[in-house]
Amino acid sequence: MRVWFRACLIAILAAGMLNLPAYSAPANAANDRPLGMIIQAEGLAHLGPTKAAIGSTVYPGDSVFTEAGSTMRLRVGGSQVYLLSESGASLSQGKDMVHVVVSHGTVGFSSPANDPVGLDTPLGFVHPVDGHAAFGQVTLNSRIEMIVTAYHGDLIVEENGNVHTILEGKSYRITTELEPPAQPPSSSQSSQGSGTKSAMSSPKGEVIAIVGGAALLSLLAWSELCESPSRMACIN
């Protein structure tokens, strides 16, 4: 009788332990699903407080960053994301794509048409045109200025309800200025067709201006480089 009782008790406890994962798995699965994996880490590259290692998974909210002279590359779904020297970011799951939240430095991406990623910056959300492959990067010079470069495919920059298109082969400076934009050139300069054209600002002072063609297409004619979307102006 005593042996039978102990056997029953062990069976009940074992059944209860087997059922515990069934209740806890759904709650943890969403939070623990990795968004990326480190596929290259050169020099002093970090995943959170530890040194980054090839094959390490990156979860939502994990910080990745590089020190001087170091680089890192991640695979995020079908896309790749890279961090140049002295750069930092983290990953989060957006509605339509994974967001790479850029905190500082230079971060770029290469995305296929069917599995894009976007760069979430303090000055706007940068992502490929829907349904198109793209290769681009952003460089945060400060909390109020960044450079966006579209190496391959057009990029979209969304900021404060405004949408801008960065054409393939171009780089643009995006700033939030506390002072009014520069005054237009004098009449004598205008008559000669030279001088710096002022960029129009939005109500909150955001300015987007071209700063030159992207490195891969730097041989484009000057007239082509100066073509820009509305609210963007060419700096001579």
Side-chain angles (χ1 to χ4, degrees), residues 28-94 97-112 115-128 133-153 155-159 166 169-176 211-218:
N28 294 333
N31 295 330
D32 293 342
R33 186 175 70 85
L35 297 180
M37 181 179 70
I38 297 174
I39 58 176
Q40 182 181 1
E42 300 289 342
L44 297 176
H46 302 272
L47 171 58
T50 63
K51 185 175 181 179
I54 296 175
S56 298
T57 52
V58 182
Y59 292 86
D62 283 350
S63 62
V64 290
F65 61 96
T66 59
E67 297 187 34
S70 306
T71 60
M72 182 188 302
R73 187 178 297 271
L74 300 88
R75 179 176 289 114
V76 180
S79 302
Q80 290 193 21
V81 175
Y82 63 86
L83 284 73
L84 299 187
S85 175
E86 297 184 282
S87 304
S90 61
L91 301 182
S92 68
Q93 181 62 61
M97 66 186 75
V98 173
H99 290 208
V100 182
V101 184
V102 183
S103 60
H104 62 281
T106 299
V107 178
F109 70 92
S110 177
S111 288
D115 195 6
V117 296
L119 304 181
D120 205 345
T121 79
L123 294 173
F125 183 53
V126 182
H127 60 89
F135 169 30
Q137 75 175 29
V138 302
T139 298
L140 285 180
N141 295 327
S142 69
R143 300 297 292 182
I144 64 170
E145 179 180 287
M146 73 175 178
I147 304 295
V148 180
T149 302
Y151 290 110
H152 172 71
L155 299 181
I156 302 296
V157 181
E158 301 179 19
E159 47 86 24
I166 309 297
K170 298 179 185 295
S171 293
Y172 289 83
R173 183 178 72 250
I174 300 178
T175 63
T176 301
V211 296
L216 297 181
L217 299 173
S218 59

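Within the 3.5 Å criterion, the main-chain N or O of Y59 finds a donor-acceptor partner in the side chain of D62. A distance-only check finds no donor-acceptor pair linking the side chain of T149 to the backbone of Y151 [under 3.5 Å].
Residues L35 and P60 share a closest heavy-atom pair of CD1-CG, 3.7 Å. The minimum heavy-atom distance linking H127 with E158 is given by the pair NE2-OE2, 2.7 Å. Closest of all the heavy-atom pairs between R143 and L123 is O-CD2, 3.8 Å. Across all non-hydrogen atoms, the minimal contact from E42 to S70 is O-CB, 3.1 Å. A45 approaches T71 most closely through the heavy-atom pair CB-O, 3.9 Å. The minimum heavy-atom distance between L155 and G136, with the atom names listed, is CD1-CA, 4.1 Å.
Rounding to the nearest 0.5 Å places CG of L74 at 5.5 Å from CD1 of I38. The CZ atom of R73 sits 13.0 Å away from the CE atom of M37 when rounded to the nearest 0.5 Å. Taking CZ of R75 as the start and CD1 of I39 as the end, the distance is 4.5 Å to the nearest 0.5 Å. Atom CE of M97 is separated from atom CG of D120 by 10.5 Å, given to the nearest 0.5 angstrom. Rounding to the nearest 0.5 Å places CG of N141 at 9.0 Å from CZ of R173. We find the CD1-CD1 distance between I147 and I166 to be 10.5 Å, quoted to the nearest 0.5 Å.
Under the side chain to side chain contact (heavy atoms under 4.5 Å, CB included) rule, V107 has a single partner from T139, V101, V64, L83, which is L83. Here the rule is side chain to side chain contact (heavy atoms under 4.5 Å, CB included) with E145, and of I174, T175, L140 only T175 fits it.
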Run the ring-ring contact (aromatic ring centres under 6.0 Å, His included) check on F125 and H99 step by step: do they pass? CA-CA 9 Å; F125 183 53; H99 290 208; 4.4 Å; yes
Carefully, step by step, assess Q137 and Y82 under the rule side chain to side chain donor-acceptor pair (under 3.5 Å). CA-CA 9 Å; Q137 75 175 29; Y82 63 86; 2.7 Å; yes
Under the side chain to side chain contact (heavy atoms under 4.5 Å, CB included) criterion, do M146 and V126 qualify, and how do the steps go? CA-CA 11 Å; M146 73 175 178; V126 182; 4.2 Å; yes
List the atom pairs, with distances to 0.1 Å, where a side-chain N or O of residues 87-94 and a protein N or O form a donor-acceptor pair under 3.5 Å, not counting sequence neighbours.
{"residue": "S87", "atom": "OG", "partner": "L84", "partner atom": "O", "Å": "3.0"}
{"residue": "S87", "atom": "OG", "partner": "S85", "partner atom": "O", "Å": "3.2"}
{"residue": "S87", "atom": "OG", "partner": "T106", "partner atom": "N", "Å": "2.8"}
{"residue": "S87", "atom": "OG", "partner": "T106", "partner atom": "O", "Å": "3.1"}
{"residue": "Q93", "atom": "OE1", "partner": "R33", "partner atom": "NH2", "Å": "3.1"}

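Considering only heavy atoms from C-beta on, H46 comes within 4.5 Å of E67 through its side chain. In this structure, the side chains of S79 and P112 come closer than 4.5 Å at one or more pairs of heavy atoms.
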